[in-house]
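Got a structure for you, written out below as structure tokens; questions coming shortly.
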Amino acid sequence: MNGQPLGIFDSGVGGTSIWKEIHKLLPHENTIYLADSKNAPYGEKSEEEILQLCIKNTDFLLGKGCKLIVVACNTATTNAIDQLRKLYKVPFIGIEPAIKPAALLSRSKIVGILATKGTLNSKLFHSTADNHAHGIRIIEQEGTGLVPLIEEGKIDTEETRQLLIKYLKPMRDAGIDHLVLGCTHYPYLIPLLKELLPEHITIIDSGEAVARQTKFVLEKNGTLNGTKEIGRYIFYTNTEASTLSRFLVDSADKIEVSHLEF
Ligand code: DGL
């Protein structure tokens with residue numbers, strides 16, 4: 001059982017930012033990553049469409065014998081994880097925008113959140129915001145267009161820069177001191193965001209917390225891989241393998257990336 005892989009999926013390449021955190025913390029775990037890039041962006045789809053895609057991704061990963069599923073996508077988590085937990089016995093780890101730490105740390109009591117439309121419109125996002133952001137003003141910003149640009153590898157381009165300048169302006173004008181990245185694609189924009197934001201604005205993302213939670217659940221369930229061997233890391237994508245590979249350069253030795261009709 002314990003040598004079975006962890007299954008990780010995202011609407012595309014963004015979840016590799018989560019895979020990297022998991023790999024750092026749990027290098028002995030075998031992993032299978034599924035990038036559903038053909039259907040990205042999930043953030044523009046309905047809740048039902050997102051759920052159906054999540055079911056398809058989960059079935060695929062369970063078919064490969066995964067012992068736990070990491071939903072490495074805020075949009076998928078906030079729209080579908082409750083249903084997934086009802087439908088399957090396997091443990092699910094999700095990712096949600098880190099509103100709680102941002103709210104606790106904020107001095108200006110104004111926090112910005114950049115996320116997809118699907119995440120910002122979800123019930124789960126609103127209940128988390130209601131529970132953890134008392135006395136905090138949240139400036140929500142949809143990052144429309146950013147996921148397709150990142151999928152295309154257009155990370156440090158003028159087009160991406162202009163879009164970010166536009167999206168950051170209302171948050172900066174409102175006086176945020178924390179910017180929460182509510183999409184697993186966005187950590188790839190951190191170098192550009194740091195260039196565009198004044199130093200007093202702290203960027204927060206949840207990748208490390210997801211890795212810690214994954215470890216915690218594996219330990220609790222007694223399903224950690226006890227081997228001393230480094231894991232085997234398999235990546236599947238339903239678009240060009242090179243699109244995904246460029247996000248994994250220098251990540252680890254044993255990475256295998258393949259295209260799959262899915
Ligand atoms: N990485 C996904 C997320 O965290 C991107 C969603 C999308 O495909 O729109 O929300």
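Computed from a predicted structure; not experimentally measured. Start at 1 and go down the list; that is how both ligands and their atoms are numbered.
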Fill in: Under 3.5 Å: N/O of Gly43 near N/O of ligand 1
yes
Worksheet item: Quick one: which ligand 1 atoms are inside 4.0 Å of a heavy atom on Ser11?
Response: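 Near Ser11, the atoms of ligand 1 are 2 (C), 5 (C), 6 (C), 7 (C), 8 (O).
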Discussion item. Yes or no: does Gly14 have any heavy atom under 4.0 Å from an atom of ligand 1?
Written reply: no
Fill in: Residues Ser122 and Thr119: side-chain donor-acceptor under 3.5 angstrom
no
Worksheet item: Short N/O distance, under 3.5 Å, between Thr75 and ligand 1?
Response: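 Yes.
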Item to complete: Tell me which protein heavy atom sits closest to atom 7 (C) of ligand 1, plus the residue, atom name and distance to 0.1 Å.
Response: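 Answer for atom 7 (C) of ligand 1: Tyr42 N, 3.1 Å.
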Worksheet item: Between the side chain of Ser108 and the main-chain N/O of Gly175, is any donor-acceptor distance below 3.5 Å?
Response: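 Yes: the side chain of Ser108 pairs with the backbone of Gly175.
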Item to complete: Just jot down the ligand 1 atoms closer than 4.0 angstrom to any heavy atom of Asp10, in number order.
Response: 1 (N), 2 (C)
Worksheet item: Which atoms from ligand 1 have a heavy atom of Pro41 less than 4.0 Å away?
Response: 7 (C), 8 (O), 9 (O)
Discussion item. Would Glu44 count as a polar contact of ligand 1, with the cut-off being nitrogen or oxygen pairs under 3.5 Å?
Written reply: no
Item to complete: Check whether any side-chain N or O of Asn30 sits under 3.5 Å from a backbone N or O of Gly3 as a donor-acceptor pair, and report yes or no.
Response: yes
Worksheet item: Is there a donor-acceptor pair closer than 3.5 Å between any side-chain N or O of Asn2 and the backbone N or O of Leu224?
Response: yes
Worksheet item: Just checking, Lys56 and Phe262: is the charged tip under 6.0 Å from the six-membered ring centre and within 45° of the axis?
Response: yes
Discussion item. Which residue is it: Gln4, Lys67, Arg232? I am looking for the one with a side-chain hydrogen bond (donor to acceptor under 3.5 Å, both in side chains) to Glu29.
Written reply: Lys67
Discussion item. Please check: side-chain N/O of Ser106 versus main-chain N/O of Ala102, any donor-acceptor pairing under 3.5 Å?
Written reply: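 The answer is no, because no donor-acceptor pair under 3.5 Å joins these two groups.
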Worksheet entry | For atom 2 (C) of ligand 1, the protein heavy atom that lies nearest, with its residue and separation | Cys73 SG, 3.2 Å
Practice prompt. Give the contacting part of Thr184 toward ligand 1: side chain, backbone, both or neither, where contact means a heavy-atom distance below 4.0 Å.
Written response: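 Both backbone and side chain.
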